[in-house]
Student: 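Before I ask anything, let me first share the structure, which is written out below as structure tokens.
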Amino acid sequence: MTEKTIPLLTCPAIAPVAEFYTALGFAVTFEQHSPYAYLVVERGTVELQFFGMKNFDPAASLGGCYILTDEVDALHEIFRAGLKETYRKVPTRGIPRIGPLKDMAYGVRQFLMTDPGGNSIRVGQPTGGDGHIEPAPKDTFERALHFAALFADSKEDLPAAATVLDRVLAPTHRRPTPVQRARLLILRADVAHRIGEDAAAVTRRLDEAAVPLSDAERATIPDDLARLAELRLSLP
């Protein structure tokens, strides 16, 4: 006996959804417009199905699914390239969008996407552990990074992430290490960009994030530095 689970997701219209997933390398294997809109897309063993619902608000969507892979870095690169070719830029905020690649505290290296229907598509590769969130570090700055990353790149609660980061970045007698400060400021700039702060404010945060680091220190945070470079390119 063989079973298969197929996510059934909502969207206001199927044409933008078809365009988005085609950009990712999916094939449209079924498309129906009457008596109701319905769409099926497939990429390898991954199949997603969508039904159209008039007046549905993508910003209010709670739909989503998780795609597990053993090549998450390659998929992130492929998906970004496809989206850039289709949309003339990589959409990193608003709807649709694709997020940064991150090592999460629950043993998964992942990135998040939101399709035109507002559905959250998580793409991840297990890196160890049992799926539970690791205990928060005791160090003040590592603890802030732990919770801010969870809020920003798992729960997608950007205001909560901003609150955590602003609190720990406020001047006190305690000082983060150069690497911690760089990571905190880069994540805060990323959150500012995604939350919709104006370009001048994001630029200021990026300038603050340009903390001098040694080659050895830079080698410990490749994902953060890649996001910093991407953010600079995204600004006008």
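Just so it is clear, the model here is predicted, and its values are computed rather than measured. Heavy-atom basis, side chains included; hydrogens, waters and symmetry copies ignored. Positions are given from 1, in the same order as the sequence printed here.
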Student: Quick check: closest heavy atoms across Leu231 and Ala189, and the distance to 0.1 Å?
Tutor: CD1-C, 4.1 Å

Student: Leu169 and Leu184: which non-hydrogen atoms are nearest, and at how many Å?
Tutor: CD2-CB, 3.9 Å

Student: For Arg204, is the CZ atom crowded, meaning more than 12 foreign heavy atoms sit under 6.0 Å from it?
Tutor: yes

Student: Indicate if Leu24 and Leu101 have the same hydrophobic cluster label, given that clusters are the connected sets of ILVMFWY residues with side-chain heavy-atom separations under 4.5 angstrom.
Tutor: yes

Student: Would you indicate whether the side-chain heavy atoms of Ile14 and Tyr36 approach each other to under 4.5 Å?
Tutor: no

Student: Any non-hydrogen side-chain atom of Pro159 less than 4.5 Å from a side-chain atom of Ile195?
Tutor: yes

Student: Parallel, tilted or perpendicular: which describes the rings of Tyr21 and Phe50, with under 30° parallel and over 60° perpendicular?
Tutor: tilted

Student: Between Lys4 and Glu47, does any NZ, NE, NH1 or NH2 come within less than 4.0 Å of an OD or OE carboxylate oxygen?
Tutor: yes

Student: Is the number of heavy atoms from other residues, nucleotides or ligands under 6.0 Å of Tyr87 OH greater than 12?
Tutor: yes

Student: Could you walk me through whether Phe20 and Phe26 pass the side-chain contact (heavy atoms from CB on, under 4.5 Å) test, one step at a time?
Tutor: CA-CA 9 Å; Phe20 178 83; Phe26 283 73; over 6 Å; no

Student: Which heavy-atom pair separates Pro116 from Pro16 by the least distance, and what is that distance?
Tutor: CG-O, 3.4 Å

Student: Hey, is the main chain of Glu217 close enough, under 3.5 Å, to the side chain of Thr220 for a donor-acceptor pair?
Tutor: yes

Student: How far apart are the closest heavy atoms of Gln125 and Val72, and which atoms are they?
Tutor: OE1-N, 3.1 Å

Student: Donor-acceptor check, side chain of His76 to backbone of Gln110, threshold 3.5 angstrom: yes or no?
Tutor: no

Student: What are the two closest heavy atoms between Glu31 and Val28, and how far apart are they?
Tutor: OE1-CG1, 4.0 Å

Student: Start with the C-alpha gap between Arg232 and Asp207, add the side-chain angles, then the distance that decides, and say whether salt bridge (charged side-chain N to carboxylate O under 4.0 Å, His left out) holds.
Tutor: CA-CA 10 Å; Arg232 290 197 181 280; Asp207 290 341; 3.6 Å; yes

Student: Do other residues, nucleotides or ligands put more than 12 heavy atoms under 6.0 Å from the CZ atom of Arg181?
Tutor: no

Student: Regarding Asp153 and Arg194, does a basic nitrogen lie under 4.0 Å from an acidic carboxylate oxygen?
Tutor: yes

Student: Please check this pair: side chain of Arg122 against backbone of Ser154, looking for a donor-acceptor N/O pair closer than 3.5 Å.
Tutor: yes

Student: Would you check, one step at a time, whether the test side-chain contact (heavy atoms from CB on, under 4.5 Å) holds for Phe30 with Leu39?
Tutor: CA-CA 6 Å; Phe30 182 83; Leu39 177 74; over 6 Å; no

Student: Of all heavy-atom pairs between Ile95 and Asp115, which one has the smallest distance, and what is that distance?
Tutor: CG2-O, 3.3 Å

Student: To the nearest 0.5 Å, tell me how far Arg183 CZ sits from Leu213 CG.
Tutor: 11.5 Å

Student: When you look at Leu225 and Ile186, which way does the side-chain contact (heavy atoms from CB on, under 4.5 Å) test go after all the steps?
Tutor: CA-CA 8 Å; Leu225 295 176; Ile186 291 169; 4.2 Å; yes

Student: Indicate yes or no: does Arg188 engage Glu197 in a salt bridge with an N to O separation below 4.0 Å.
Tutor: yes

Student: Any sub-3.5 Å donor-acceptor pair from Thr127's side-chain atoms to Gly107's backbone N or O?
Tutor: yes

Student: Between Glu77 and Arg80, does at least one N-O distance fall below 4.0 Å, as a salt bridge requires?
Tutor: no

Student: So does Lys102 pair up with Asp223, basic N to acidic O under 4.0 Å?
Tutor: no

Student: Side-chain heavy atoms nearer than 4.5 Å, only ILVMFWY residues, links allowed to pass through others: does that put Leu112 and Tyr106 together?
Tutor: no

